[in-house]
Amino acid sequence: MKNRFEMRFTGSGGQGVILASVIFAEAAVVKGLHAVQSQAYGPEARGGSSKAECIISRDTIWFSKVQQNDFLLALTQNALDKYAPELAEDGVVMIDESLSAPAFLDSERVVSVPILRCARETVGKTITANIVAVGAINELFGLFDEETLREAVSRHIPAGTEDLNFRALSAGKALIGSELRDRYLVEREN
Amino acid sequence: MSKAVLMQGNEAVVEGAIAAGARFFAGYPITPSTEIAEQSALRLPQVGGTFIQMEDELASVAAVLGASAAGVKSFTATSGPGFSLMQENIGYGAMAEIPCVIVDVQRAGPSTGLATSPSQGDYMQARWGTHGDHPVIALSPSSVLEAYRLTVRAFNLSEKYRTPVILLMDEIVGHMREGVTLPNPNELIINSRKMSFHDGANKQCYYVPEGQYVPAMKPFGRGERYNITGLAHDISGFPTNDNAVAGAGIKRLLDKIEKNADDIIRTEEYLLDDAETAIVCFGGTKRAAMDAIEALRARGEKVGLFRPVTVWPFPEKQLREKCAQVKRLIVVEHNHGQMLLQVQRAATDTQRVDFLGRIDGTVITPDEIVATFEGKEDMTHAQ
(Lines give C-alpha, C1' and ligand atoms only; values in the text may rest on other atoms or scores of the structure.)
Protein backbone atom coordinates (compact mmCIF):
# COMPACT_ATOMS: atom_id res chain seq x y z
CA MET A 1 0.00 0.00 0.00
CA LYS A 2 1.24 3.50 -0.70
CA ASN A 3 2.09 5.61 2.30
CA ARG A 4 -1.31 7.26 2.40
CA PHE A 5 -4.52 5.96 0.85
CA GLU A 6 -7.54 8.24 0.73
CA MET A 7 -10.89 6.53 0.21
CA ARG A 8 -14.38 7.90 -0.34
CA PHE A 9 -17.64 5.95 -0.07
CA THR A 10 -20.71 7.58 -1.56
CA GLY A 11 -24.32 6.72 -2.16
CA SER A 12 -27.75 7.31 -0.78
CA GLY A 13 -28.52 7.51 2.96
CA GLY A 14 -29.33 4.02 4.25
CA GLN A 15 -27.03 2.17 1.82
CA GLY A 16 -24.42 1.78 4.52
CA VAL A 17 -21.54 3.68 2.94
CA ILE A 18 -20.58 5.11 6.33
CA LEU A 19 -20.27 1.62 7.77
CA ALA A 20 -18.14 0.56 4.80
CA SER A 21 -15.69 3.36 5.58
CA VAL A 22 -15.70 2.49 9.28
CA ILE A 23 -14.80 -1.13 8.49
CA PHE A 24 -11.70 -0.12 6.53
CA ALA A 25 -10.64 2.27 9.28
CA GLU A 26 -11.16 -0.48 11.85
CA ALA A 27 -9.13 -2.96 9.79
CA ALA A 28 -6.29 -0.43 9.57
CA VAL A 29 -6.34 0.06 13.34
CA VAL A 30 -6.32 -3.72 13.86
CA LYS A 31 -3.17 -3.76 11.70
CA GLY A 32 -1.52 -0.99 13.70
CA LEU A 33 -1.83 1.61 10.94
CA HIS A 34 -3.12 5.14 11.34
CA ALA A 35 -6.69 5.72 10.21
CA VAL A 36 -9.15 8.58 10.31
CA GLN A 37 -12.77 8.15 9.31
CA SER A 38 -15.38 10.86 8.86
CA GLN A 39 -18.68 11.41 7.11
CA ALA A 40 -20.95 14.02 5.66
CA TYR A 41 -24.67 13.57 5.20
CA GLY A 42 -27.86 15.53 4.96
CA PRO A 43 -30.51 15.80 7.67
CA GLU A 44 -32.49 12.80 6.34
CA ALA A 45 -32.27 9.40 8.00
CA ARG A 46 -32.96 7.64 4.69
CA GLY A 47 -32.39 8.94 1.18
CA GLY A 48 -30.44 12.09 0.52
CA SER A 49 -26.78 11.91 -0.32
CA SER A 50 -24.27 10.28 1.96
CA LYS A 51 -20.50 10.51 1.81
CA ALA A 52 -18.00 8.85 4.08
CA GLU A 53 -14.24 9.03 4.04
CA CYS A 54 -11.42 6.91 5.35
CA ILE A 55 -7.76 7.85 5.23
CA ILE A 56 -5.24 5.12 5.97
CA SER A 57 -1.60 6.01 6.50
CA ARG A 58 1.66 4.82 7.97
CA ASP A 59 2.15 8.32 9.41
CA THR A 60 0.13 10.53 11.72
CA ILE A 61 -2.95 11.89 9.99
CA TRP A 62 -3.82 15.49 10.84
CA PHE A 63 -6.28 16.91 8.34
CA SER A 64 -9.15 14.46 8.43
CA LYS A 65 -10.77 15.02 5.04
CA VAL A 66 -9.86 13.53 1.67
CA GLN A 67 -7.72 15.79 -0.53
CA GLN A 68 -6.12 13.31 -2.94
CA ASN A 69 -8.97 10.92 -3.60
CA ASP A 70 -7.25 7.61 -4.47
CA PHE A 71 -10.43 5.55 -4.43
CA LEU A 72 -14.12 6.33 -4.83
CA LEU A 73 -17.03 3.96 -4.31
CA ALA A 74 -20.23 5.21 -5.94
CA LEU A 75 -23.52 3.38 -5.45
CA THR A 76 -25.77 6.02 -7.03
CA GLN A 77 -25.50 8.04 -10.24
CA ASN A 78 -25.86 11.29 -8.29
CA ALA A 79 -22.94 10.40 -6.06
CA LEU A 80 -20.83 9.33 -9.02
CA ASP A 81 -21.53 12.52 -10.96
CA LYS A 82 -20.82 14.65 -7.92
CA TYR A 83 -17.59 13.06 -6.70
CA ALA A 84 -15.91 11.60 -9.80
CA PRO A 85 -14.54 15.03 -10.82
CA GLU A 86 -12.75 15.19 -7.44
CA LEU A 87 -10.80 11.97 -7.99
CA ALA A 88 -7.02 12.24 -7.93
CA GLU A 89 -5.34 12.00 -11.34
CA ASP A 90 -4.66 8.28 -10.92
CA GLY A 91 -7.66 7.66 -8.67
CA VAL A 92 -9.88 4.64 -9.24
CA VAL A 93 -13.66 4.52 -8.97
CA MET A 94 -15.76 1.45 -8.28
CA ILE A 95 -19.33 1.79 -9.47
CA ASP A 96 -22.35 -0.41 -9.40
CA GLU A 97 -23.02 -1.91 -12.83
CA SER A 98 -26.30 0.01 -13.04
CA LEU A 99 -24.45 3.33 -13.27
CA SER A 100 -22.85 4.93 -16.28
CA ALA A 101 -19.37 6.31 -15.85
CA PRO A 102 -18.77 9.90 -16.92
CA ALA A 103 -17.00 10.22 -20.28
CA PHE A 104 -14.04 12.13 -18.87
CA LEU A 105 -12.95 9.11 -16.83
CA ASP A 106 -10.46 6.82 -18.56
CA SER A 107 -12.06 3.34 -18.65
CA GLU A 108 -8.93 1.93 -16.97
CA ARG A 109 -9.89 3.91 -13.89
CA VAL A 110 -13.46 2.63 -13.71
CA VAL A 111 -14.26 -0.71 -12.15
CA SER A 112 -17.89 -1.62 -12.77
CA VAL A 113 -19.17 -4.40 -10.52
CA PRO A 114 -22.67 -5.85 -9.94
CA ILE A 115 -22.67 -4.88 -6.24
CA LEU A 116 -26.40 -4.37 -5.75
CA ARG A 117 -27.37 -7.43 -7.85
CA CYS A 118 -24.87 -9.60 -5.99
CA ALA A 119 -26.31 -8.50 -2.63
CA ARG A 120 -29.86 -9.11 -3.81
CA GLU A 121 -29.38 -12.38 -5.67
CA THR A 122 -26.20 -14.11 -4.46
CA VAL A 123 -26.33 -13.11 -0.81
CA GLY A 124 -30.11 -12.77 -0.79
CA LYS A 125 -30.33 -9.47 1.10
CA THR A 126 -30.12 -6.06 -0.56
CA ILE A 127 -28.94 -4.41 2.67
CA THR A 128 -25.66 -6.32 2.50
CA ALA A 129 -24.58 -4.28 -0.56
CA ASN A 130 -22.16 -2.25 1.53
CA ILE A 131 -20.43 -5.38 2.84
CA VAL A 132 -20.34 -6.85 -0.68
CA ALA A 133 -18.61 -3.62 -1.73
CA VAL A 134 -16.14 -3.91 1.17
CA GLY A 135 -15.22 -7.44 0.05
CA ALA A 136 -14.79 -6.29 -3.55
CA ILE A 137 -12.74 -3.19 -2.70
CA ASN A 138 -10.46 -5.13 -0.40
CA GLU A 139 -9.85 -7.76 -3.07
CA LEU A 140 -9.31 -5.17 -5.79
CA PHE A 141 -6.50 -3.42 -3.92
CA GLY A 142 -5.35 -6.32 -1.77
CA LEU A 143 -5.61 -4.14 1.32
CA PHE A 144 -6.16 -6.51 4.26
CA ASP A 145 -6.00 -10.22 4.91
CA GLU A 146 -9.32 -11.97 5.33
CA GLU A 147 -9.01 -12.51 9.07
CA THR A 148 -8.40 -8.80 9.70
CA LEU A 149 -11.31 -7.80 7.53
CA ARG A 150 -13.66 -10.27 9.22
CA GLU A 151 -12.54 -8.99 12.61
CA ALA A 152 -13.23 -5.41 11.50
CA VAL A 153 -16.68 -6.37 10.18
CA SER A 154 -17.52 -8.31 13.35
CA ARG A 155 -16.93 -5.24 15.50
CA HIS A 156 -19.59 -3.26 13.67
CA ILE A 157 -22.49 -5.59 12.95
CA PRO A 158 -25.30 -6.85 15.18
CA ALA A 159 -24.51 -10.13 16.95
CA GLY A 160 -25.97 -13.07 15.07
CA THR A 161 -25.49 -11.57 11.61
CA GLU A 162 -21.89 -12.78 11.21
CA ASP A 163 -22.75 -15.57 8.78
CA LEU A 164 -24.76 -13.30 6.53
CA ASN A 165 -22.09 -10.60 6.52
CA PHE A 166 -19.21 -13.01 5.97
CA ARG A 167 -21.12 -14.47 3.02
CA ALA A 168 -21.50 -10.94 1.68
CA LEU A 169 -17.75 -10.35 2.11
CA SER A 170 -16.92 -13.53 0.19
CA ALA A 171 -19.45 -12.76 -2.53
CA GLY A 172 -17.90 -9.31 -2.94
CA LYS A 173 -14.44 -10.78 -3.12
CA ALA A 174 -15.58 -13.21 -5.84
CA LEU A 175 -16.72 -10.27 -8.00
CA ILE A 176 -13.11 -9.32 -8.61
CA GLY A 177 -11.42 -11.51 -11.17
CA SER A 178 -7.70 -12.13 -11.24
CA GLU A 179 -7.20 -9.75 -14.16
CA LEU A 180 -8.72 -6.83 -12.24
CA ARG A 181 -6.88 -7.76 -9.09
CA ASP A 182 -3.52 -7.83 -10.81
CA ARG A 183 -4.13 -4.43 -12.35
CA TYR A 184 -4.97 -2.62 -9.14
CA LEU A 185 -3.24 -4.61 -6.41
CA VAL A 186 -1.43 -2.12 -4.21
CA GLU A 187 0.43 -4.35 -1.79
CA ARG A 188 -1.10 -6.73 0.66
CA GLU A 189 -0.92 -5.67 4.31
CA ASN A 190 0.21 -8.63 6.32
CA MET B 1 -6.19 -0.91 27.72
CA SER B 2 -3.09 -1.00 25.62
CA LYS B 3 -4.50 -1.99 22.28
CA ALA B 4 -5.64 0.73 19.90
CA VAL B 5 -9.35 0.81 19.13
CA LEU B 6 -11.28 2.74 16.52
CA MET B 7 -13.36 5.29 18.35
CA GLN B 8 -15.45 8.31 17.51
CA GLY B 9 -14.91 11.64 19.28
CA ASN B 10 -18.44 11.53 20.69
CA GLU B 11 -17.90 8.01 22.04
CA ALA B 12 -14.62 9.10 23.64
CA VAL B 13 -16.52 11.78 25.55
CA VAL B 14 -18.76 9.14 27.12
CA GLU B 15 -15.80 6.93 28.06
CA GLY B 16 -14.01 9.96 29.51
CA ALA B 17 -17.07 10.94 31.50
CA ILE B 18 -17.43 7.46 32.96
CA ALA B 19 -13.71 7.36 33.80
CA ALA B 20 -14.10 10.72 35.55
CA GLY B 21 -16.87 9.25 37.69
CA ALA B 22 -19.94 10.62 35.92
CA ARG B 23 -23.02 8.52 36.58
CA PHE B 24 -25.87 10.73 35.36
CA PHE B 25 -26.75 12.01 31.91
CA ALA B 26 -29.90 13.92 31.01
CA GLY B 27 -30.22 15.24 27.51
CA TYR B 28 -32.12 15.74 24.32
CA PRO B 29 -30.31 14.19 21.34
CA ILE B 30 -29.27 16.53 18.54
CA THR B 31 -26.91 16.14 15.59
CA PRO B 32 -23.91 16.15 15.70
CA SER B 33 -23.87 15.25 19.40
CA THR B 34 -26.41 12.41 19.21
CA GLU B 35 -23.88 9.60 19.69
CA ILE B 36 -23.07 10.99 23.14
CA ALA B 37 -26.68 10.48 24.25
CA GLU B 38 -26.87 7.13 22.45
CA GLN B 39 -23.67 5.84 23.98
CA SER B 40 -24.58 7.18 27.44
CA ALA B 41 -27.89 5.32 27.26
CA LEU B 42 -25.93 2.14 26.64
CA ARG B 43 -22.95 2.64 28.91
CA LEU B 44 -24.24 4.41 32.02
CA PRO B 45 -26.59 1.63 33.15
CA GLN B 46 -23.65 -0.79 32.79
CA VAL B 47 -21.75 1.11 35.48
CA GLY B 48 -24.71 1.73 37.78
CA GLY B 49 -25.48 5.13 36.31
CA THR B 50 -28.64 6.78 35.02
CA PHE B 51 -29.61 8.02 31.58
CA ILE B 52 -32.70 10.14 31.06
CA GLN B 53 -33.95 11.47 27.77
CA MET B 54 -35.55 14.78 28.64
CA GLU B 55 -38.32 16.74 26.94
CA ASP B 56 -35.95 19.54 25.96
CA GLU B 57 -32.61 21.17 26.72
CA LEU B 58 -33.92 23.49 29.44
CA ALA B 59 -35.01 20.47 31.42
CA SER B 60 -31.81 18.62 30.57
CA VAL B 61 -29.60 21.09 32.41
CA ALA B 62 -32.15 21.36 35.23
CA ALA B 63 -31.99 17.59 35.75
CA VAL B 64 -28.21 17.60 35.52
CA LEU B 65 -27.97 20.34 38.17
CA GLY B 66 -30.38 18.50 40.43
CA ALA B 67 -28.47 15.23 40.15
CA SER B 68 -25.17 16.96 40.76
CA ALA B 69 -26.46 18.85 43.79
CA ALA B 70 -27.55 15.48 45.18
CA GLY B 71 -23.97 14.29 44.82
CA VAL B 72 -23.68 12.53 41.43
CA LYS B 73 -21.26 13.77 38.79
CA SER B 74 -23.52 14.72 35.89
CA PHE B 75 -23.38 15.85 32.29
CA THR B 76 -25.34 16.58 29.17
CA ALA B 77 -24.53 17.02 25.49
CA THR B 78 -26.02 19.16 22.76
CA SER B 79 -25.33 21.31 19.73
CA GLY B 80 -25.94 24.98 18.89
CA PRO B 81 -29.77 25.12 19.01
CA GLY B 82 -29.85 23.12 22.24
CA PHE B 83 -26.92 25.06 23.68
CA SER B 84 -28.96 28.24 23.26
CA LEU B 85 -31.81 26.71 25.27
CA MET B 86 -29.43 25.57 28.01
CA GLN B 87 -28.03 29.01 28.72
CA GLU B 88 -30.46 30.05 31.45
CA ASN B 89 -29.73 27.03 33.59
CA ILE B 90 -25.98 27.17 32.90
CA GLY B 91 -26.11 30.59 34.55
CA TYR B 92 -28.09 29.07 37.41
CA GLY B 93 -25.40 26.44 37.83
CA ALA B 94 -22.70 29.09 37.87
CA MET B 95 -24.60 31.18 40.44
CA ALA B 96 -25.56 28.28 42.69
CA GLU B 97 -22.08 26.72 42.21
CA ILE B 98 -23.21 23.31 41.06
CA PRO B 99 -20.54 21.29 39.20
CA CYS B 100 -21.51 19.75 35.87
CA VAL B 101 -20.21 19.30 32.35
CA ILE B 102 -22.03 20.61 29.27
CA VAL B 103 -20.79 19.21 25.97
CA ASP B 104 -21.51 21.38 22.92
CA VAL B 105 -20.65 19.67 19.64
CA GLN B 106 -20.82 22.74 17.46
CA ARG B 107 -22.59 22.73 14.13
CA ALA B 108 -23.14 25.48 11.59
CA GLY B 109 -25.68 28.09 12.70
CA PRO B 110 -27.30 30.44 13.36
CA SER B 111 -30.58 28.80 14.40
CA THR B 112 -30.96 25.25 13.10
CA GLY B 113 -28.47 26.24 10.38
CA LEU B 114 -26.66 23.40 8.64
CA ALA B 115 -27.53 20.58 10.99
CA THR B 116 -24.79 18.15 10.04
CA SER B 117 -21.99 20.56 9.13
CA PRO B 118 -18.99 21.66 11.20
CA SER B 119 -18.60 25.07 12.77
CA GLN B 120 -16.96 26.82 15.69
CA GLY B 121 -19.55 29.53 15.86
CA ASP B 122 -20.44 28.96 19.53
CA TYR B 123 -17.08 30.24 20.76
CA MET B 124 -18.49 33.49 22.11
CA GLN B 125 -21.74 31.84 23.18
CA ALA B 126 -19.70 29.55 25.42
CA ARG B 127 -18.37 32.69 27.11
CA TRP B 128 -21.35 35.02 27.08
CA GLY B 129 -24.35 32.81 26.32
CA THR B 130 -25.93 33.18 29.73
CA HIS B 131 -26.68 36.63 31.03
CA GLY B 132 -24.81 38.61 33.63
CA ASP B 133 -21.16 38.53 34.63
CA HIS B 134 -20.43 34.92 35.33
CA PRO B 135 -17.48 32.56 35.55
CA VAL B 136 -16.79 30.25 32.61
CA ILE B 137 -14.42 27.41 31.90
CA ALA B 138 -14.45 25.93 28.39
CA LEU B 139 -12.10 23.34 26.89
CA SER B 140 -11.81 22.36 23.23
CA PRO B 141 -10.34 19.07 21.96
CA SER B 142 -8.69 18.50 18.58
CA SER B 143 -8.55 14.71 18.49
CA VAL B 144 -10.48 11.68 19.71
CA LEU B 145 -7.95 10.96 22.46
CA GLU B 146 -8.02 14.57 23.55
CA ALA B 147 -11.83 14.45 23.62
CA TYR B 148 -11.43 11.69 26.21
CA ARG B 149 -8.75 13.48 28.22
CA LEU B 150 -10.47 16.85 28.20
CA THR B 151 -13.76 15.31 29.28
CA VAL B 152 -11.96 13.95 32.34
CA ARG B 153 -10.39 17.35 32.88
CA ALA B 154 -13.72 19.11 32.41
CA PHE B 155 -15.18 17.07 35.27
CA ASN B 156 -12.08 17.65 37.39
CA LEU B 157 -12.21 21.43 36.96
CA SER B 158 -15.96 21.44 37.45
CA GLU B 159 -15.64 19.57 40.74
CA LYS B 160 -12.66 21.58 41.94
CA TYR B 161 -14.20 24.98 41.22
CA ARG B 162 -17.85 24.08 41.67
CA THR B 163 -18.93 25.50 38.35
CA PRO B 164 -20.39 24.26 35.05
CA VAL B 165 -17.61 23.47 32.57
CA ILE B 166 -18.23 23.51 28.83
CA LEU B 167 -16.56 21.00 26.57
CA LEU B 168 -16.59 22.98 23.34
CA MET B 169 -16.26 20.31 20.65
CA ASP B 170 -16.88 20.70 16.96
CA GLU B 171 -18.38 18.34 14.40
CA ILE B 172 -14.90 17.69 13.01
CA VAL B 173 -13.80 15.97 16.22
CA GLY B 174 -17.20 14.75 17.43
CA HIS B 175 -17.91 12.76 14.27
CA MET B 176 -14.37 11.69 13.48
CA ARG B 177 -13.15 8.19 14.19
CA GLU B 178 -9.51 7.39 14.74
CA GLY B 179 -7.45 4.71 16.41
CA VAL B 180 -6.87 5.53 20.06
CA THR B 181 -5.23 3.83 23.00
CA LEU B 182 -7.17 4.98 26.02
CA PRO B 183 -5.28 5.36 29.30
CA ASN B 184 -6.00 2.95 32.10
CA PRO B 185 -8.76 4.75 34.08
CA ASN B 186 -7.01 3.75 37.30
CA GLU B 187 -4.02 5.86 36.32
CA LEU B 188 -6.03 9.04 35.81
CA ILE B 189 -6.13 11.85 38.33
CA ILE B 190 -9.77 12.26 39.33
CA ASN B 191 -10.92 15.24 41.39
CA SER B 192 -14.14 15.18 43.34
CA ARG B 193 -15.81 18.09 45.06
CA LYS B 194 -14.81 18.97 48.57
CA MET B 195 -17.68 18.03 50.85
CA SER B 196 -18.72 19.43 54.20
CA PHE B 197 -21.10 17.91 56.68
CA HIS B 198 -22.22 20.85 58.77
CA ASP B 199 -19.40 20.60 61.25
CA GLY B 200 -17.61 23.26 63.28
CA ALA B 201 -17.53 26.83 61.99
CA ASN B 202 -18.55 25.64 58.59
CA LYS B 203 -22.27 25.68 59.25
CA GLN B 204 -23.30 27.87 56.34
CA CYS B 205 -23.60 26.17 52.98
CA TYR B 206 -21.72 28.90 51.07
CA TYR B 207 -19.16 29.61 53.75
CA VAL B 208 -15.67 30.11 52.33
CA PRO B 209 -12.63 30.35 54.59
CA GLU B 210 -10.47 33.48 54.31
CA GLY B 211 -8.13 33.31 51.31
CA GLN B 212 -10.13 30.61 49.55
CA TYR B 213 -12.64 30.85 46.73
CA VAL B 214 -14.61 27.61 46.63
CA PRO B 215 -17.05 26.60 49.35
CA ALA B 216 -17.15 22.93 50.33
CA MET B 217 -20.38 21.37 49.13
CA LYS B 218 -23.05 20.04 51.41
CA PRO B 219 -24.88 17.02 50.04
CA PHE B 220 -28.35 18.21 49.05
CA GLY B 221 -31.21 16.05 50.21
CA ARG B 222 -29.22 14.34 52.93
CA GLY B 223 -28.82 15.72 56.44
CA GLU B 224 -29.49 19.37 57.10
CA ARG B 225 -31.78 21.27 54.71
CA TYR B 226 -30.40 24.27 52.89
CA ASN B 227 -31.41 26.63 50.13
CA ILE B 228 -30.19 26.69 46.53
CA THR B 229 -31.12 29.70 44.42
CA GLY B 230 -30.18 31.62 41.33
CA LEU B 231 -30.84 34.83 43.24
CA ALA B 232 -27.91 36.67 44.76
CA HIS B 233 -27.46 35.04 48.14
CA ASP B 234 -25.44 35.23 51.31
CA ILE B 235 -23.46 32.36 52.82
CA SER B 236 -26.65 30.80 54.18
CA GLY B 237 -27.82 30.26 50.59
CA PHE B 238 -30.89 32.49 51.09
CA PRO B 239 -31.51 35.49 48.81
CA THR B 240 -30.20 38.87 49.78
CA ASN B 241 -30.77 42.38 48.49
CA ASP B 242 -27.79 43.68 50.40
CA ASN B 243 -25.72 45.12 47.55
CA ALA B 244 -22.43 44.76 49.37
CA VAL B 245 -23.07 41.09 50.15
CA ALA B 246 -24.43 40.34 46.66
CA GLY B 247 -21.54 42.14 44.96
CA ALA B 248 -18.96 40.34 47.07
CA GLY B 249 -20.61 37.01 46.31
CA ILE B 250 -20.56 37.52 42.55
CA LYS B 251 -17.01 38.91 42.74
CA ARG B 252 -15.96 35.70 44.47
CA LEU B 253 -17.51 33.64 41.63
CA LEU B 254 -15.46 35.57 39.09
CA ASP B 255 -12.32 35.55 41.25
CA LYS B 256 -12.40 31.80 41.73
CA ILE B 257 -11.72 31.39 38.01
CA GLU B 258 -9.56 34.50 37.42
CA LYS B 259 -7.28 33.92 40.41
CA ASN B 260 -6.83 30.30 39.44
CA ALA B 261 -6.38 30.92 35.73
CA ASP B 262 -2.91 29.36 35.67
CA ASP B 263 -4.33 26.13 37.07
CA ILE B 264 -7.21 26.13 34.60
CA ILE B 265 -5.49 27.25 31.40
CA ARG B 266 -3.71 24.78 29.15
CA THR B 267 -2.27 25.63 25.75
CA GLU B 268 -0.40 23.77 23.04
CA GLU B 269 2.58 25.19 21.20
CA TYR B 270 4.27 23.62 18.18
CA LEU B 271 7.49 24.88 16.57
CA LEU B 272 7.12 28.34 18.10
CA ASP B 273 10.73 28.74 19.28
CA ASP B 274 12.01 30.19 16.01
CA ALA B 275 8.64 31.06 14.50
CA GLU B 276 7.99 34.38 12.83
CA THR B 277 4.37 33.47 12.19
CA ALA B 278 2.01 31.67 14.54
CA ILE B 279 -1.20 30.04 13.43
CA VAL B 280 -3.70 30.46 16.25
CA CYS B 281 -6.64 28.07 16.26
CA PHE B 282 -8.64 25.79 18.53
CA GLY B 283 -10.42 22.43 18.36
CA GLY B 284 -10.58 20.46 15.11
CA THR B 285 -9.11 23.35 13.10
CA LYS B 286 -5.71 22.33 14.46
CA ARG B 287 -5.70 19.36 12.09
CA ALA B 288 -5.59 21.52 8.95
CA ALA B 289 -3.14 23.89 10.65
CA MET B 290 -0.66 21.08 11.35
CA ASP B 291 -0.55 20.03 7.69
CA ALA B 292 -0.22 23.67 6.62
CA ILE B 293 2.67 24.20 9.04
CA GLU B 294 4.39 21.07 7.74
CA ALA B 295 4.03 22.27 4.14
CA LEU B 296 5.31 25.76 4.98
CA ARG B 297 8.20 24.47 7.07
CA ALA B 298 9.24 22.23 4.18
CA ARG B 299 9.70 25.43 2.19
CA GLY B 300 11.74 27.02 4.97
CA GLU B 301 9.01 29.28 6.31
CA LYS B 302 9.23 29.78 10.08
CA VAL B 303 5.68 28.98 11.09
CA GLY B 304 4.39 27.51 14.35
CA LEU B 305 1.17 26.80 16.19
CA PHE B 306 -0.45 28.32 19.26
CA ARG B 307 -3.59 26.54 20.36
CA PRO B 308 -5.75 27.40 23.36
CA VAL B 309 -6.79 24.03 24.80
CA THR B 310 -8.61 25.94 27.52
CA VAL B 311 -10.51 28.35 25.28
CA TRP B 312 -12.15 30.18 28.22
CA PRO B 313 -10.69 31.87 30.14
CA PHE B 314 -8.78 32.98 27.05
CA PRO B 315 -5.02 32.34 27.54
CA GLU B 316 -4.05 35.95 26.95
CA LYS B 317 -0.93 35.89 29.11
CA GLN B 318 0.23 32.59 27.57
CA LEU B 319 -0.28 33.91 24.04
CA ARG B 320 1.78 37.01 24.86
CA GLU B 321 4.58 34.93 26.37
CA LYS B 322 4.76 32.13 23.83
CA CYS B 323 4.28 34.36 20.81
CA ALA B 324 6.42 37.26 22.09
CA GLN B 325 8.90 37.00 19.20
CA VAL B 326 6.28 36.27 16.56
CA LYS B 327 5.70 39.04 14.01
CA ARG B 328 2.46 37.74 12.60
CA LEU B 329 -0.51 35.89 14.02
CA ILE B 330 -2.92 34.14 11.68
CA VAL B 331 -6.18 33.27 13.40
CA VAL B 332 -7.97 30.36 11.75
CA GLU B 333 -11.42 29.35 12.95
CA HIS B 334 -14.70 28.02 11.58
CA ASN B 335 -16.67 31.19 12.29
CA HIS B 336 -16.73 34.84 11.22
CA GLY B 337 -13.98 35.94 13.59
CA GLN B 338 -14.75 35.25 17.24
CA MET B 339 -11.49 34.15 18.89
CA LEU B 340 -9.95 36.69 16.51
CA LEU B 341 -11.23 39.42 18.82
CA GLN B 342 -9.41 37.90 21.79
CA VAL B 343 -6.19 37.54 19.81
CA GLN B 344 -6.41 41.14 18.61
CA ARG B 345 -6.73 42.26 22.23
CA ALA B 346 -3.72 40.21 23.27
CA ALA B 347 -1.45 41.07 20.33
CA THR B 348 1.10 43.85 20.63
CA ASP B 349 0.95 46.96 18.44
CA THR B 350 3.74 45.64 16.23
CA GLN B 351 2.21 42.22 15.61
CA ARG B 352 0.12 41.81 12.50
CA VAL B 353 -3.08 39.81 12.98
CA ASP B 354 -4.62 38.09 9.95
CA PHE B 355 -7.70 35.95 9.76
CA LEU B 356 -9.09 32.98 7.88
CA GLY B 357 -12.66 32.01 8.71
CA ARG B 358 -15.41 29.85 7.37
CA ILE B 359 -19.19 30.03 7.85
CA ASP B 360 -20.55 27.86 5.02
CA GLY B 361 -20.38 24.52 6.82
CA THR B 362 -17.31 23.26 4.94
CA VAL B 363 -13.94 22.55 6.47
CA ILE B 364 -10.93 24.87 6.10
CA THR B 365 -8.19 22.98 4.24
CA PRO B 366 -4.41 23.09 4.77
CA ASP B 367 -4.03 24.65 1.28
CA GLU B 368 -6.32 27.52 2.28
CA ILE B 369 -4.21 28.23 5.35
CA VAL B 370 -1.07 28.21 3.19
CA ALA B 371 -2.80 30.60 0.76
CA THR B 372 -3.69 32.90 3.65
CA PHE B 373 -0.07 32.82 4.78
CA GLU B 374 0.93 33.85 1.27
CA GLY B 375 -1.61 36.65 1.35
CA LYS B 376 -3.59 35.18 -1.51
CA GLU B 377 -6.91 35.19 0.26
CA ASP B 378 -9.05 37.95 1.57
CA MET B 379 -8.00 37.93 5.17
CA THR B 380 -10.52 40.31 6.62
CA HIS B 381 -13.68 38.43 5.86
CA ALA B 382 -14.86 34.87 6.22
CA GLN B 383 -15.25 33.05 2.96
Side-chain angles (χ1 to χ4, degrees), chain A residues 3-4 6-7 9 13 18-45 47-69 86 144 148-149 151-159, chain B residues 2-11 30-32 34-35 79 107-108 112-118 142-145 170-181 270 279 281 283-295 305 307 332 361-370:
Chain A
N3 205 39
R4 188 178 167 105
E6 304 197 356
M7 311 169 82
F9 305 79
I18 294 176
L19 180 60
S21 71
V22 168
I23 288 167
F24 281 107
E26 185 76 69
V29 168
V30 168
K31 278 293 177 193
L33 295 162
H34 293 276
V36 168
Q37 183 277 339
S38 64
Q39 62 258 302
Y41 50 85
E44 312 90 341
S49 72
S50 182
K51 176 187 74 170
E53 299 184 340
C54 169
I55 302 173
I56 299 173
S57 174
R58 293 185 201 282
D59 303 319
T60 302
I61 302 164
W62 287 117
F63 189 58
S64 55
K65 306 290 177 187
V66 161
Q67 293 176 284
Q68 286 289 316
N69 189 192
E86 294 178 18
F144 301 102
T148 301
L149 201 61
E151 167 70 24
V153 169
S154 303
R155 291 186 189 181
H156 294 279
I157 55 171
Chain B
S2 62
K3 215 176 158 215
V5 293
L6 187 74
M7 188 173 274
Q8 195 182 51
N10 282 342
E11 290 176 80
I30 177 172
T31 302
T34 301
E35 294 85 359
S79 187
R107 71 188 212 184
T112 30
L114 292 156
T116 56
S117 299
S142 65
S143 71
V144 173
L145 182 60
D170 46 56
E171 194 273 350
I172 300 171
V173 175
H175 267 173
M176 180 176 71
R177 287 181 178 84
E178 48 181 358
V180 291
T181 307
Y270 178 64
I279 294 172
C281 61
T285 309
K286 172 196 166 182
R287 306 185 73 94
M290 291 297 280
D291 280 349
I293 289 166
E294 193 179 322
L305 174 90
R307 178 172 69 101
V332 185
T362 61
V363 181
I364 295 170
T365 66
D367 287 350
E368 288 166 341
I369 297 175
V370 170

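All heavy atoms count here, side chains included; hydrogens, waters and symmetry mates do not. Quick note on labels: first sequence line is chain A, next is B, and so on, each numbered from 1.
- Both the backbone and the side chain of Ala25(A) come within less than 4.5 Å of a heavy atom of chain B.
- Arg177(B) CZ to Ile18(A) CD1: the interatomic distance, rounded to the nearest 0.5 Å, is 8.0 Å.
- Neither the backbone nor the side chain of Glu53(A) comes within contact range of chain B; no heavy atom of the residue lies under 4.5 Å from a heavy atom of that chain.
- Proximity of Val36(A) to Arg287(B): side-chain heavy atoms (C-beta onward) are separated by under 4.5 Å at one or more points.
- In terms of heavy atoms, Gln39(A) sits closest to Glu171(B) at O-OE2, 3.9 Å.
- In this structure, no portion of Val30(A) lies under 4.5 Å from any heavy atom of chain B.
- Heavy-atom neighbours of Gln68(A) CD from other residues, nucleotides or ligands within 6.0 Å: at or below the threshold of 12.
- Within a 6.0 Å sphere centred on CD of Gln67(A), heavy atoms belonging to other residues, nucleotides or ligands number more than 12.
- Considering only heavy atoms from C-beta on, Glu178(B) stays 4.5 Å or farther from Ile61(A) through its side chain.
- In this structure, the portions of Thr365(B) lying under 4.5 Å from any heavy atom of chain A include both its backbone and its side chain.
- Val29(A) and Gly179(B) get closest at one heavy-atom pair: CG2-CA, 3.7 Å.
- Between Asp291(B) and Trp62(A) the shortest heavy-atom distance is OD1-CB, 3.5 Å.
- One distance of note links CG of Leu6(B) with CZ of Arg155(A); it measures 8.5 Å at 0.5 Å rounding.
- Here the CD atom belonging to Gln37(A) is positioned 14.0 Å from the CE atom belonging to Met7(B), to the nearest 0.5 angstrom.
- For the pair Phe63(A) and Ile364(B), the tightest heavy-atom approach, listed with the atom from each and the gap, is CE1-O, 3.2 Å.
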